[in-house]
Amino acid sequence: MRWALVGASTIAAEYVIQAIRAIPGGTVQCVVSSSPKWAAEYAANHQIPASGTDLSAVLADPRVDAVYISTTNEKHFPQAMAAIAAGKHVFCEKPLGMTLDEACEMVRAAESRGIVFATNHHLRCAGSHRAIRSLVEKGRIGRVLSMRVHHAVYLPPHLQGWRLNDPGAGGGVIPDITVHDADTVRFHLGEDPAEVVAQMTESGLGQGVEDSCMSVWSMPSGTQVFAHDSFTHSFAGCGLEIHGTEGSIFGRGIMTQKPVGEIELVTAQGCERVPYPNYDLYTQAIMDFDAAVAGKGRVAADGVDGIKSLAIALAVRDSARTGTRLRVNYGGFR
Ligand code: NDP
């Protein structure tokens, strides 16, 4: 697969470029940025043969099969729509758009063009999360009663820009982290939250956007979900717990970008450490994407998954803003 990077971003530099190159035949053809100087510097640093600011020229290039969009959030929609119109396969960062309408339009456009469209929800690619989902599916904890996600971390200094002070770029912990929780919860429980209630605050880093949020979600089955997301917690650790009638699963340190952390299953028989395969999450995501383009599989998280994670995050923010319990609007997607 021959890729163009749309956005000279940190996530591409730290994870996705190497994931693309880890797959046989995977190449990064060029990088597009709003700044010619930054694009050239980035290309040189990452051995990318071409760089520029003209997205339409890149999209007209028949040597580009797919684009990876990792710009700030407000650019995802126009860039994805342009790529879809040009017939390129799209691997888009979360949140898909700033609004539900944007996300729905992107996904419908991709469907109508018959291109592969994926959302980069890396956590569902992790061996740890796939092992947990398998435990839940096999009924090892019985009927699920509740799930807690603790994703209160300290935002690393090199990421402390637009996320903390620019609502127009999609800043705030909810579009950044709650969207990942939303996808993770859906992935493990196999159902979509019906209603949410939330509170958010600025607890030290946020300047005009929330840097912390706690929310409670009700699932159609009656399962209750609690999510704690923050940019300001240095020592809280991260993880999830799923509690059922026959057991509990503790996933410690697994809400991360790396294949780390441990899983414990506790039942009436005692405690057991659950092994899982260790591999790079982003390489798995690109591998799944490649398979989908080749017609031999499906992407890890598709466009509808991206719509739903955004829908939940938007409902959480609206609930926190209005102080009311809200029904999640999925834009007509089931
Ligand atoms: P960055 O701030 O690193 O990059 C975003 C944009 O900022 C770049 O596309 C680039 O703009 C500009 N930029 C960054 N560094 C410089 C610089 N030194 N000089 C000039 N411009 C610069 O954001 P992230 O990589 O952290 O996030 C990008 C997207 O990826 C977001 O949508 C985020 O939500 C998502 N993300 C997803 C993760 C996941 O695991 N799924 C993890 C982290 C982020 P330009 O577009 O003009 O090149």
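First listed ligand is number 1; within each ligand, the first listed atom is number 1.
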Where ligand 1 meets [X] - atom numbers and elements under 4.0 angstrom, heavy-atom basis:
X	value
Lys75	46 (O), 47 (O)
Gln257	40 (O), 42 (C)
Ser70	9 (O), 28 (C), 29 (C)
Asp176	34 (O)
Asn120	41 (N)
Leu159	26 (O)
His122	39 (C), 40 (O), 41 (N)

Contact partition for Val6 relative to ligand 1, non-hydrogen atoms under 4.0 Å: neither

Nearest protein heavy atom with distance in Å, relative to atom 47 (O) of ligand 1: Ser34 OG, 2.5 Å

Taking atom 32 (O) of ligand 1 as the reference point, the nearest protein heavy atom with its distance: Asn73 OD1, 2.6 Å

Who's closest to [atom] heavy-atom-wise, of [options]?
atom	options	answer
atom 39 (C) of ligand 1	Tyr282, Tyr15, Tyr42	Tyr282
atom 6 (C) of ligand 1	Ile177, Leu281, Thr10, Thr72	Thr72
atom 15 (N) of ligand 1	Tyr68, Trp162, Trp38	Trp38
atom 11 (O) of ligand 1	Pro36, Ala13, Ser33, Pro175	Ser33
atom 43 (C) of ligand 1	Glu93, Glu14, Lys94, Arg163	Arg163

Steps toward salt bridge (charged side-chain N to carboxylate O under 4.0 Å, His left out) verdict (Asp288, Arg298): CA-CA 6 Å; Asp288 290 349; Arg298 62 179 309 271; over 6 Å; no

Lys308/Asp183 under salt bridge (charged side-chain N to carboxylate O under 4.0 Å, His left out): CA gap, chis, key distance, verdict: CA-CA 8 Å; Lys308 291 189 173 182; Asp183 187 66; over 6 Å; no

If I apply the N/O under 3.5 Å rule, does [X] come out as touching ligand 1?
X	result
Ala12	no
Ser35	no
Ile11	yes

Worked check of ring-ring contact (aromatic ring centres under 6.0 Å, His included) between His180 and Phe187: CA-CA 10 Å; His180 279 311; Phe187 180 69; over 10 Å; no

Parallel, tilted or perpendicular: rings of His188 and His129 (30°, 60°): parallel

Under 3.5 Å, is there a donor on one side chain and an acceptor on the other for [X] and [Y]?
X	Y	answer
Gln160	His158	no
His121	Ser309	yes
Gln199	Thr201	no
Ser203	Asp211	yes

Sub-6.0 Å ring centroid separation between His228 and His233: yes

Pairing of Arg273 and Glu264 as salt bridge, 4.0 angstrom limit: no

Close approach of His180 to ligand 1, heavy atoms, under 4.0 angstrom: yes

Stepwise side chain to side chain contact (heavy atoms under 4.5 Å, CB included) test for Tyr42 and Ile17: CA-CA 12 Å; Tyr42 191 95; Ile17 292 172; 4.0 Å; yes

Distance-minimising heavy-atom pair for Met81 and Ala109: CE-CB, 3.9 Å

